[in-house]
Amino acid sequence: MPELPEVETLRRDLDREVVGRKIKTVEVSGNRAIRRHRNKRQFISRLEGQKLTTVRRRGKYLVFEVGDEDLLVVHLGMSGQLLKLGTKEPKIPHTHVVITFTQGGQLRFVDPRTFGEMFVTPKETFASDVPEIGELGFDALDDVMSWTDFGELLRGRKGKLKALLMDQKIIAGLGNIYSDEILFTAGLRHERSADSLSTQEVRRLYRALSETLQDALKHRGSTLGDEQYRDLFGEPGEYQNEHKVYGQEGEACRRCRSPVKRAKWQGRSTFFCEQCQV
DNA sequence: ACGCCCGCCTGTAAGC
DNA sequence: TGCTTACAGGCGGGCG
């Protein structure tokens with residue numbers, strides 16, 4: 001599912017709704033959601049009785065502080081949801097983890113495709129336990145960067161532009177939707193070589209990156225036709241209505257009215273305008 | 001060392 | 001109508 005705007009929307013609501021609560025009980029079903037622990041009990045016992053004190057985001061990862069010593073890491077994969085629900089509300093299919101708070105209410109992890117995961121790791125060994133978070137590139141929303149520094153990031157990279165945007169080690173948080181939207185706004189083709197951009201194009205790309213993400217965040221992210229992304233309250237986002245190219249195959253380009261194209265690129269769909277993106 | 005493709009899963013929709 | 005195939009917001013591993 002979720003890319004940076006969706007995860008950040010969730011983080012902000014979690015900060016208000018869940019942070020500060022004390023965990024009473026944790027239930028885990030199935031074996032896929034909790035993969036990095038020797039067994040489920042270990043995961044459960046490190047959470048029960050502890051308080052969630054903060055929630056941060058790194059790229060598409062959510063990281064809660066749990067008590068003084070531990071971190072709870074959540075990655076939603078393609079179809080993961082975190083939902084805040086009342087204790088008595090019916091369990092929806094594919095609910096893998098249910099955290100019940102002493103103050104009442106539950107945080108539930110629902111994930112049909114099971115690419116997402118949750119785990120607890122001590123703060124002390126976080127860096128070695130979760131190297132992928134340490135290796136994340138600059139955060140497309142949180143990290144302030146001049147466009148000249150951004151240009152430095154692109155320099156000498158022969159890879160294709162879209163691959164670079166989606167490489168979490170270079171820019172953290174972008175996936176298939178926002179890469180396409182950003183490239184359209186910047187007027188650049190996905191298969192352009194990253195180091196072929198003029199100064200002006202670098203500036204356009206950086207501006208498109210910031211603007212697109214800010215705008216998507218303002219609209220609480222994108223919920224596509226399959227409804228997989230839902231916020232903490234189960235509500236869809238609204239940014240899908242603003243998509244300029246993603247999922248718009250055959251529709252008139254907003255800028256030049258020629259039909260939006262869809263291509264298979266690196267195994268996934270890419271949407272773009274042949275006229276406006278060069 | 002890199003770029004690309006596949007598999008991991010389940011659900012849905014399109015195609016035959 | 002019903003079976004089969006393709007495809008979906010991510011990511012890591014393995015291949016050439």
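Picking from B:dC9, C:dA8, C:dG12 the nucleotide with the shortest atom distance to the side chain of A:Tyr61 gives C:dG12. Which of C:dA8, B:dT10, C:dC11 sits closest to the side chain of A:Ser269 comes down to C:dA8. Here B:dC9 is the nucleotide among B:dC9, B:dT10, C:dC7 with the atom lying nearest to any side-chain atom of A:Arg32. Of the listed nucleotides (C:dA8, C:dC11, B:dG11), C:dA8 has the atom at the smallest distance from the side chain of A:Lys264. Comparing C:dC11, C:dC7, C:dG10 by their nearest atom to the side chain of A:Gln168 picks out C:dC11. For A:His75, the side-chain atoms get nearest to C:dG10 when compared with the rest of B:dT10, C:dA8, C:dG10.
Comparing A:Gln266 and A:Asp226 against DNA chain B, the residue whose closest nucleotide sits nearer the 5' end is A:Gln266. When each of A:Glu132 and A:Arg113 is assigned the nucleotide of DNA chain C with its nearest heavy atom, A:Arg113 is the one assigned upstream, toward the 5' end. Residue whose closest nucleotide on DNA chain B sits further toward the 5' end, between A:Thr114 and A:Gly159: A:Gly159.
Atom-to-atom, CZ of A:Arg36 to C1' of C:dG12 comes out at 11 Å; the value is rounded to the nearest Å. As a whole-Å value, the separation of A:Glu227 CD from B:dT10 C1' is 17 Å. At whole-Å resolution of the value, CG in A:Leu165 and C1' in C:dG10 are 16 Å apart. Atom NZ in A:Lys162 sits about 14 Å away from atom C1' in B:dC4, given to the nearest Å.
Residue A:Lys158 is out of contact with every strand shown, counting any heavy-atom pair closer than 4.0 Å. Residue contacts shown for A:Arg35 are absent, as no nucleic acid heavy atom lies under 4.0 Å away. Backbone-only engagement by A:Tyr246 is indicated by non-hydrogen atom pairs under 4.0 Å involving sugar-phosphate atoms exclusively.
Both distances falling under 3.5 Å, in either a Watson-Crick or a G-U wobble arrangement, place C:dG12 opposite B:dC6.
Between the C1' atoms of B:dC5 and C:dC7, the separation comes to 16 Å (whole Å).
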